[in-house]
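Since the structure comes first, as structure tokens, the remarks are kept for the end.
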Amino acid sequence: MTTLTNYIDGRMTAPAAGGYLDKIDPATGRVVARVPDSDGTDVARAVAAANAAFPAWAATPAAERSRVLLAIADGIDRRLDALARAESIDTGKPVTLARTLDIPRAAANFRFFATAILHTETETHATDHTALNYTLRRPRGVAGLISPWNLPLYLLSWKIAPALATGNTAVAKPSELTPTTATLLGEICQEAGLPPGVLNLIHGLGARAGMAIVEHPDVRSISFTGGTATGAVIARTAAPLFKKLTLELGGKNPTIVFADADLDRQLPSIVRSAFANQGEICLCGSRILVEAPLFDTFVERFVAAVSRLTVGDPLDPATEFGALVSAGHRDKVASYLDLARAEGGTIRCGGDRPTDLPARCADGYFLSPTVITGLPMACRTNQEEIFGPVVTVTPFRDEAEAVALANDSRYGLAASIWTEQLGRAHRVAEAVQCGTIWVNCWLLRDLRVPFGGMRQSGVGREGGDEAIRFFTEPKNVCLKL
Ligand code: NAD
């Protein structure tokens with residue numbers, strides 16, 4: 001069994017108090033590693049190292065910071081197989097998905113921000129003929145970066161890369177459920193020549209290690225991705241300490257399918273938008289809204305396509321749909337199936353454990369992709385984030401009702417619209433209250449665009465210039481002419 005370590009001041013370090021948590025492979029239900037159960041002492045050491053490293057890293061020329069981050073990206077590429085396998089064993093996701101999505105995207109995150117800092121501009125404002133203002137943007141100091149279990153290295157690197165590229169140092173915490181790729185990233189940083197203390201990785205529970213990062217007075221910026229309830233706790237803690245905060249939280253995303261949608265071409269993408277990564281992507285569409293004339297045909301074709309997904313051992317390269325991340329999460333998702341039945345829903349496919357799993361996976365946390373019809377938008381199944389392989393399909397009459405149903409949610413993260421009418425796509429995109437709208441596509445990501453949610457899906461934006469602005473402090477200099 002592997003024993004993972006923290007990465008503090010450039011060294012692999014055991015937790016100060018010597019406590020460990022079990023790391024379980026969700027495909028088998030077996031313990032496969034021990035994870036540091038870090039506490040405030042470990043976090044204090046990491047913050048001290050990050051603080052000590054900050055002045056020199058902030059003063060390092062952008063070209064040199066860029067070179068080191070590009071070396072980290074190359075290191076990720078070189079370890080593609082090991083990282084993909086680790087991500088699959090930690091999360092239960094298909095290894096093929098980790099190989100083609102998670103790990104390449106982690107390398108892309110480093111390359112994107114390593115090169116972005118070579119091309120940034122700051123503003124100048126000429127005040128009539130009397131003064132010239134210019135804006136300086138400087139790194140803010142130690143950043144606290146906290147990420148969830150669903151896309152472990154993908155989301156952690158989405159925070160680490162802009163924080164470090166802009167000259168900050170960081171203390172980062174992956175989810176306690178999915179720690180392995182972060183540990184490997186520490187090794188990659190050592191090999192790439194990242195100066196000690198610039199990045200520190202702390203493992204452990206949210207309420208202990210995570211909270212210690214949020215509460216530490218020397219951590220000036222907090223970038224958090226996770227659940228809405230956790231985001232509220234972090235916001236409450238960080239506000240009186242005047243920390244800069246970005247919160248990327250939960251979602252209950254609408255997928256709006258008009259009767260003129262080109263189903264022959266788009267159905268595979270709509271299935272993917274619902275069930276990629278077992279539906280455990282914050283951007284997955286879990287409320288599918290279909291224009292009434294297409295409803296019956298859509299349900300028939302959608303259910304047939306979902307039933308054809310290859311559910312199986314995540315380490316089998318042919319698997320398209322793996323295990324849920326933990327027993328607790330599988331039980332939570334399954335409880336929504338009971339709720340949906342009690343609320344009057346009809347389960348059109350799934351709703352149970354897949355039957356033809358290999359013996360290795362007999363005790364794994366599997367649940368078949370599930371499609372439900374017959375539920376009103378106001379019910380709990382349609383209002384609460386399930387974050388698993390469960391979608392509802394609901395008919396709508398016209399464009400106005402589609403928009404009303406889509407917006408009937410406390411969340412506002414992402415939506416997708418499927419139609420061949422350009423004008424309608426624009427109108428609906430403008431009316432739906434979500435931070436990201438995809439038209440005839442899903443998860444098509446350009447790393448320059450603002451990414452984040454409205455309402456209870458979060459505060460602030462990541463990506464491109466938004467991230468560079470978040471991790472820097474603007475200062476205006478006014479020069480009288
Ligand atoms: P979570 O909120 O339980 O945990 C996220 C991270 O926060 C983990 O590292 C955890 O250890 C830590 N944490 C927990 N309590 C903490 C506390 N009090 N202080 C500091 N840190 C704490 O979320 P999860 O179950 O890991 O992830 C699933 C959630 O993440 C879903 O709601 C999903 O929608 C959301 N998510 C959002 C996005 C987005 O970009 N908006 C992306 C992925 C996932």
Output yes when [X] and [Y] qualify as a salt bridge under the 4.0 Å nitrogen-oxygen rule, no when they do not.
X      : Y      : result
Asp408 : Arg287 : no
Arg138 : Glu473 : no
Lys93  : Asp102 : yes
Arg67  : Glu64  : yes
Glu187 : Arg79  : yes
Arg34  : Asp22  : no
Asp90  : Arg85  : no
Arg427 : Glu399 : yes

Side chains of [X] and [Y]: donor-acceptor distance under 3.5 Å anywhere?
X      : Y      : result
Thr135 : His125 : no
Ser38  : Asn6   : yes
Thr246 : Glu462 : no
Arg455 : Tyr411 : no
Asn168 : Thr166 : yes
Thr228 : Gln456 : no
Thr436 : Trp438 : no

Main chain of [Y], side chain of [X]: is a donor-acceptor contact present, judged purely on distance under 3.5 Å?
X      : Y      : result
His203 : Ala209 : no
Ser66  : Ala114 : yes
Arg461 : Gly453 : yes
Thr115 : Arg111 : yes
Thr178 : Pro174 : no
Lys23  : Leu177 : yes
Asn440 : Thr419 : yes
Asn109 : Tyr154 : yes
Asp42  : Ile202 : no
Asn253 : Ala414 : yes

[atom1] of [X] to [atom2] of [Y]: how many Å apart, nearest 0.5 Å?
X      : Y      : atom1 : atom2 : value
Leu153 : Ile76  : CG    : CD1   : 5.5 Å
Ile8   : Thr13  : CD1   : OG1   : 4.5 Å
Arg272 : Leu267 : CZ    : CG    : 13.5 Å
Ser416 : Leu444 : OG    : CG    : 12.0 Å
Thr169 : Leu199 : OG1   : CG    : 9.5 Å
Ser286 : Ile281 : OG    : CD1   : 12.5 Å

Measuring only between side-chain heavy atoms, which start at C-beta, is [X] closer than 4.5 Å to [Y]?
X      : Y      : result
Phe224 : Glu248 : no
Leu83  : Ile188 : yes
Glu280 : Val325 : yes
Val171 : His216 : no
Lys173 : Leu201 : no
Tyr7   : Gln190 : yes
Asn133 : Thr124 : no
Gln433 : Met454 : yes

Q: Pick out which of Lys159, Lys244, Arg140 makes a side chain to side chain donor-acceptor pair (under 3.5 Å) with Ser221.
A: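 Of the listed options, the one satisfying the test is Arg140.
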Looking at every non-hydrogen atom in both residues, tell me the closest pair between [X] and [Y] and how far apart they are.
X      : Y      : answer
Pro94  : Ser88  : C-OG, 4.2 Å
Ala98  : Glu87  : CB-CB, 4.1 Å
Phe321 : Pro389 : CZ-CB, 3.4 Å
Pro314 : Gly92  : CG-O, 3.2 Å
Trp57  : Pro195 : CZ3-CD, 3.7 Å

Taking atom [atom1] as the centre, does [X] end up with more than 12 heavy-atom neighbours from other residues, nucleotides or ligands that are less than 6.0 angstrom away?
X      : atom1 : result
Arg410 : CZ    : yes
Arg11  : CZ    : no
His119 : NE2   : yes
Lys475 : NZ    : no
Glu123 : CD    : yes

**Q.** Test side-chain contact (heavy atoms from CB on, under 4.5 Å) applied to Tyr20 and Thr3, step by step
**A.** CA-CA 9 Å; Tyr20 287 89; Thr3 297; 3.5 Å; yes
Q | Verdict with supporting geometry, Leu481 and His129, side-chain contact (heavy atoms from CB on, under 4.5 Å) | A | CA-CA 7 Å; Leu481 299 178; His129 299 289; 5.8 Å; no
Q | Pair Arg236-Glu215, salt bridge (Lys or Arg N to Asp or Glu O under 4.0 Å): steps then yes or no | A | CA-CA 11 Å; Arg236 252 198 318 275; Glu215 287 174 338; over 6 Å; no
Q: Check the pair Thr319, Asp313 against side-chain hydrogen bond (donor to acceptor under 3.5 Å, both in side chains), reporting the backbone distance first and the verdict last.
A: CA-CA 6 Å; Thr319 293; Asp313 185 341; over 6 Å; no
Q: Kindly assign one of parallel, tilted or perpendicular to the pair Phe113 and Trp158, based on the angle between their ring planes and the thresholds 30° and 60°.
A: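 Tilted, since the angle between the ring planes falls between 30° and 60°.
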Q: List the steps, then state whether side-chain contact (heavy atoms from CB on, under 4.5 Å) holds for Phe387 with Asn150.
A: CA-CA 10 Å; Phe387 207 54; Asn150 64 327; 3.4 Å; yes
Q. Under the side-chain contact (heavy atoms from CB on, under 4.5 Å) criterion, do Ile89 and Thr180 qualify, and how do the steps go?
A. CA-CA 9 Å; Ile89 292 173; Thr180 310; over 6 Å; no
